[in-house]
Protein chains: 2
Amino acid sequence: MLAKSSTELVRQQNSVLVLSALRRHGRLAHTEISDATGLASATISSITADLERARIIEKSEQQATVGRGRPRVLFSQRRNCGYLITVIISSDLIQYSLVDYAGTLLDRFSEPRGEGGTAAFLAAISAGLERAVERSRIERGSVLLVSVSSKGLARPTEPVLVWSPVFGSQPVDFAAALKDGWQAKVILNNETLLVAGALLERQVKTQGGGEPVLAALSLGHSIGLGIARRVTGGVPEISAPNFGHMLHMPNGGLCRCGARGCVEAYAGFYAILRAAFEVPVDTIPAKFVPVTEIDKIAARARQGNRMAQLAFRNAGAALGYGLSRLLSLHGHMPVFITGPGTRYQDLLQAGIEEGLAQTHVVRLGGMPGLTVVPDEPSLVFEGHLNLAFSIVDQDIIGSRQSMQAAGE
Amino acid sequence: MLAKSSTELVRQQNSVLVLSALRRHGRLAHTEISDATGLASATISSITADLERARIIEKSEQQATVGRGRPRVLFSQRRNCGYLITVIISSDLIQYSLVDYAGTLLDRFSEPRGEGGTAAFLAAISAGLERAVERSRIERGSVLLVSVSSKGLARPTEPVLVWSPVFGSQPVDFAAALKDGWQAKVILNNETLLVAGALLERQVKTQGGGEPVLAALSLGHSIGLGIARRVTGGVPEISAPNFGHMLHMPNGGLCRCGARGCVEAYAGFYAILRAAFEVPVDTIPAKFVPVTEIDKIAARARQGNRMAQLAFRNAGAALGYGLSRLLSLHGHMPVFITGPGTRYQDLLQAGIEEGLAQTHVVRLGGMPGLTVVPDEPSLVFEGHLNLAFSIVDQDIIGSRQSMQAAGE
DNA sequence: AAGCTTTTTCTCGACAGTCGAGAAATTAGA
DNA sequence: TCTAATTTCTCGACTGTCGAGAAAAAGCTT
C-alpha cells in the first residue's frame with residue numbers, strides 16, 4: 001500500500017534534498033542550491049532560513065566573493081550540530097573514527113581485537129566508544145550515530161551480526177555496546193556493502209551517471225559481496241548477499257561456516273593455502289593465515305609451480321561461477337574487485353573468466369566489466385560516511401521538534 | 001539524488017492512493033476511503049470531486065443503504081473510462097482478455113500459436129488485438145494498456161523479449177504489434193514475475209501482512225522464477241531473475257539456450273525425459289514434450305523404476321541447489337511452487353530438500369517454506385491485473401490534462 | 001406524523017508549502 | 001559617482017491537507 005502524503009512531508013523531503021546537496025558539493029550558495037535541487041529560489045530561502053534557525057546549517061565566514069554582483073552567501077553544515085563515530089571491525093583490529101557533522105575527520109585510532117567471547121568483544125567496543133568521546137572532549141549525547149561495519153551477515157533491521165567469521169552463528173547485538181548517557185542510534189552493515197555504496201556514489205559524482213547498478217567483490221581471508229543500485233528519485237538501494245557462503249560445489253570442501261562447498265571454501269585465502277599444499281578438502285580450515293603465506297604461494301605460481309597455479313585458478317573459477325550465478329539472479333552488472341586478494345589478480349583472472357564464460361547471461365550480455373580497485377579501506381570509510389550522513393540528515397529533519405523549538 | 005517534491009505531487013500521490021484503495025476493496029463510501037487511506041474526510045471530498053469531474057470514478061447507482069444515518073454514497077471506477085488487454089503467451093496458445101476499467105472481464109479468447117519467425121508472430125498478435133477490440137466494438141483509442149506476458153527474459157524498460165524458449169536470443173519488440181490508431185502503452189513481463197506479484201498481493205489481502213518477500217517457482221517445460229517484495233510505503237518490487245538458465249553444473253548437460261549445465265537442463269520437462277531414457281546429456285533437447293510423456297515416466301517412477309526415480313530426484317536436486325543459491329543471493333524467503341510440474345511434487349520433493357539442506361543460509365535460517373499452488377493460470381491473470389491497473393491508474397492521474405480539461 | 005437520533009457527506013476557514021516576479025542589496029567596473 | 005551585474009530576499013498567488021462543524025438524509029420514537 002502506498003503511504004499518504006502531506007505538505008509537511010514535502011517540506012521534509014525538500015529539506016533533506018538541500019542537506020544532501022550540501023553533503024555532495026560542500027558549502028553552496030543560495031543559487032547553487034537552487035540549481036542542484038531544482039527548487040525555486042524562494043523555496044531555498046525558506047528552507048535555509050528554517051535550517052539556520054534550527055542551528056543545523058550556518059552561513060560560512062569565508063565568503064568566496066568573486067565577480068560582480070551581490071556577494072554570495074555560502075551555507076554549510078554546523079560542525080558541532082552533532083557527531084558520528086564509525087567502527088570498522090577487521091580480523092585483527094578495530095578502528096574508531098570520530099567525524100563531525102560537516103564530515104571532517106576529528107580523530108582516529110585503532111585497537112587490537114582481543115580474544116574472548118561476544119560479551120568481551122562488546123565490552124571492548126563499548127570502551128572504545130567511550131575513549132573516542134573522551135579524547136575529543138565531546139558529550140556522549142551529541143553523538144548522533146554509531147556506524148559499525150564488519151564482515152559477515154547483518155540483520156537488515158537491527159544492528160545484530162547474525163553470522164561472522166569469528167563468532168560464527170553466535171549473534172552479536174551492537175546496540176548493547178551503548179550504555180546510559182548515549183542517545184546515538186547504532187547501525188551495522190556488511191563491509192562490502194559499504195564498498196559497493198561508495199563505488200556507486202563515486203560514479204554518480206564523476207560521470208554523473210554510468211551504469212545504474214554495480215557489484216563489489218572483496219577478496220581476502222573471506223569473500224564479501226555488495227550490490228548497489230541507483231533508483232530514480234530515491235536513496236540508492238544497497239545490499240550484501242551471502243555470496244561467500246553460496247554453494248559452489250555440492251559436497252565440496254569444508255568451509256569455516258561449517259557447510260561444505262561454499263565459494264569461500266575455494267576462493268578464501270585459507271582455501272588457496274589448502275589447495276596449494278594438497279591438504280584434504282575436509283581439513284578444518286586455519287583460523288588466520290598471514291598474507292605473507294599467500295604471497296609465497298603466489299610467488300611459486302608465478303615461477304611456474306603447477307600446484308600453486310592450480311590453487312589460484314580454482315579459486316578464480318569458484319569466483320567466476322559464483323559471479324555467473326550472481327548475474328543470473330541479479331541481472332547483468334559490472335563487477336569491481338577489491339580487498340587484499342587483488343594483488344593476485346593476475347593469477348585469478350583466467351579462472352574467473354572461465355567460470356563466467358559458460359553461462360546464459362554472459363552469452364547474452366557479454367562478459368561483465370571487471371575492474372580492480374585496490375584501496376579498500378578508504379572505500380569502506382567513504383561508504384560509512386555516505387550511508388551514515390544520509391540517515392543522520394533524515395533523522396535530524398524528521399524530528400521536527402528541533403526545528404520548531406529552535407524557532408521560538 | 002532524491003527528487004524534489006511539490007504540493008501537486010502530493011495530490012497526485014493521494015489520488016492514486018484513493019484509486020488503489022478502490023481497486024483493492026472495490027466500491028467504497030467516502031468514510032471507508034478515509035479509513036483505508038488515512039486521509040482526512042475533507043481531503044477525500046476534494047479528491048473524489050476531482051476524480052468525478054475528470055470522469056474517472058462515479059457514484060454507484062446501487063446504494064447499499066443499511067442502518068440509520070445519511071445513506072452512504074459508494075464510489076467506483078467508471079467502467080468505460082478505458083480498457084485493458086492482457087496477452088498471455090504460452091508454448092502453444094496465445095490468450096487475449098479484454099478487461100474494463102473497473103476490472104471486470106468482458107471477453108476472452110485463445111488462438112493457436114502458429115509457426116514462423118518473429119515477424120509472423122508479431123503480426124498474429126497484432127491481428128489478435130484487432131480482433132479483441134472488434135468483437136466488443138470498442139475504439140482502439142480507449143485501450144489504455146496492453147499487458148503481455150511470456151516465459152523468458154524481458155528487457156526491464158521496454159516491451160522487448162530479449163530471450164525466449166521459442167525465438168532464442170532473437171529479440172521480439174511488442175511495441176511493434178500496435179499500429180496506428182492505438183494509443184495504448186505496451187508492457188511485457190515474465191510470466192512467473194506476475195505469479196509472484198499475485199501471490200504477494202493475495203498475502204496482503206488475506207493476512208494483511210505475512211512475510212514481506214516471497215519467490216514463485218514455475219515448473220514445466222522451462223523453469224521460471226519470480227521474486228516479489230513489499231516495500232514500506234510504495235509499490236511492491238517484483239523481478240524475474242534468470243533462474244532457469246543459472247548455472248547448475250559446470251560443463252553439464254546441454255540446454256535449450258545453447259549453454260551447458262543450466263538448471264533447466266536438469267529440471268525442465270525435456271531434461272527429465274532425457275535423464276529417464278538415459279539419452280546422452282549433450283543431445284539437442286526436444287522442442288516440445290507432451291505432458292503425457294512425463295506422466296508416463298512419473299507413473300514408472302511411482303511403480304519403483306530406478307531410472308525414472310533418479311530422473312526426478314536429479315531434477316529436484318537441481319532445483320534445490322538453485323534455490324539454495326537464490327536464498328544466498330536474495331536472502332531467506334518462502335518459495336511457492338506452481339506450474340504443470342507441481343503434479344510430480346512427490347517425486348521432486350526429496351531432491352529439492354537435499355539440494356537445499358547443505359547451504360549456509362538454510363543452516364542459519366532453517367528450511368524455507370515450500371508451498372504448492374497448482375492453479376498457475378489464474379495467478380498469471382491476477383498478476384496482470386494488479387500490475388496493469390497500478391500503471392494505468394498512475395498514468396491516468398499523472399496526465400493532469402484530463403483532470404483539468406474535464407473540469408472546465 | 002412530527003420530532004429526535006444517528007450517521008454520512010459536505011463546506012469553511014486555518015495553516016503549510018511552492019513558485020514566479022520583482023524589489024532590495026551589494027560589489028565591480030566605467 | 002554612477003551604472004551594470006548578480007545574488008538574495010520578500011510578497012502575493014496558488015495548491016494542498018486538515019479539523020470542526022453545518023447540512024443532509026435516513027431510521028426510530030412517541
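Sequence lines set the chain letters: A, B, ... in the order given, protein chains first and strands last, and positions in each chain run from 1. These values consider heavy atoms only, across backbone and side chains, with no hydrogens, waters or symmetry-generated copies.
Taking only distance into account, the side chain of Arg70(A) meets the base of dT8(D) through a donor-acceptor pair shorter than 3.5 Å.
Rounded to a whole Å, the CD1 atom of Ile47(B) is 9 Å from the P atom of dG16(D). Rounded to whole angstrom, the span from the CD1 atom of Ile44(A) across to the P atom of dT6(D) amounts to 20 Å. Remark: C1' of dA16(C) and CD of Glu8(B) are 14 Å apart, rounded to the nearest angstrom. Going from atom CD of Gln12(A) over to atom C1' of dT18(C) covers 16 Å, rounded to whole Å.
At the heavy-atom level, Ala49(B) lies nowhere under 4.0 Å from the strands shown. Leu39(B) comes within 4.0 angstrom of sugar-phosphate atoms only, judged by non-hydrogen atoms across all strands, and of no base. Contacts of Ser46(A) with the nucleic acid, taken as non-hydrogen atoms under 4.0 Å apart, are absent.
The distance from the OG atom of Ser46(B) to the CG atom of Asn14(B) is 10.0 Å, given to the nearest 0.5 Å.
Axis angle between the ends of the helix from dA1(C)-dT30(D) to dA30(C)-dT1(D), five pairs each and rounded to 10 degrees, works out to 30°.
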Could you go through residues 74-81 of chain B and list every donor-acceptor pair under 3.5 Å that involves a side-chain atom there, pairing it with any protein atom two or more places apart or in another chain?
residue, atom, partner, partner atom, Å
Arg78(B), NH1, Arg55(B), O, 2.9
Arg78(B), NH2, Asn80(B), OD1, 2.9
Arg79(B), NH1, Asp100(B), OD2, 3.0
Arg79(B), NH1, Thr104(B), OG1, 3.0

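Under 4.0 angstrom from either OP1 or OP2 of dT8(D) there lies at least one side-chain N or O belonging to Thr31(A). Contact annotation: Asn14(B) side-chain N/O to dG16(D) OP1/OP2 distance is not under 4.0 Å. Contact annotation: Thr43(B) side-chain N/O to dC18(D) OP1/OP2 distance is under 4.0 Å. Using a 4.0 Å cut-off, no side-chain N or O of Arg11(A) falls inside it from OP1 or OP2 of dA16(C).
A heavy-atom distance below 4.5 Å is found between the side chains of His384(B) and Ser149(B).
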Between N or O atoms, less than 3.5 Å apart, protein on one side and nucleotides 2-4 of chain D on the other: list the pairs.
residue, atom, partner, partner atom, Å
dA4(D), N3, Arg68(A), NH1, 3.2

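Counting heavy-atom neighbours within 6.0 Å of Glu139(A) CD, excluding the residue itself, gives a total of 12 or less.
Among dC11(D), dC9(D), dC10(C), the nucleotide with an atom closest to any side-chain atom of His30(A) is dC9(D).
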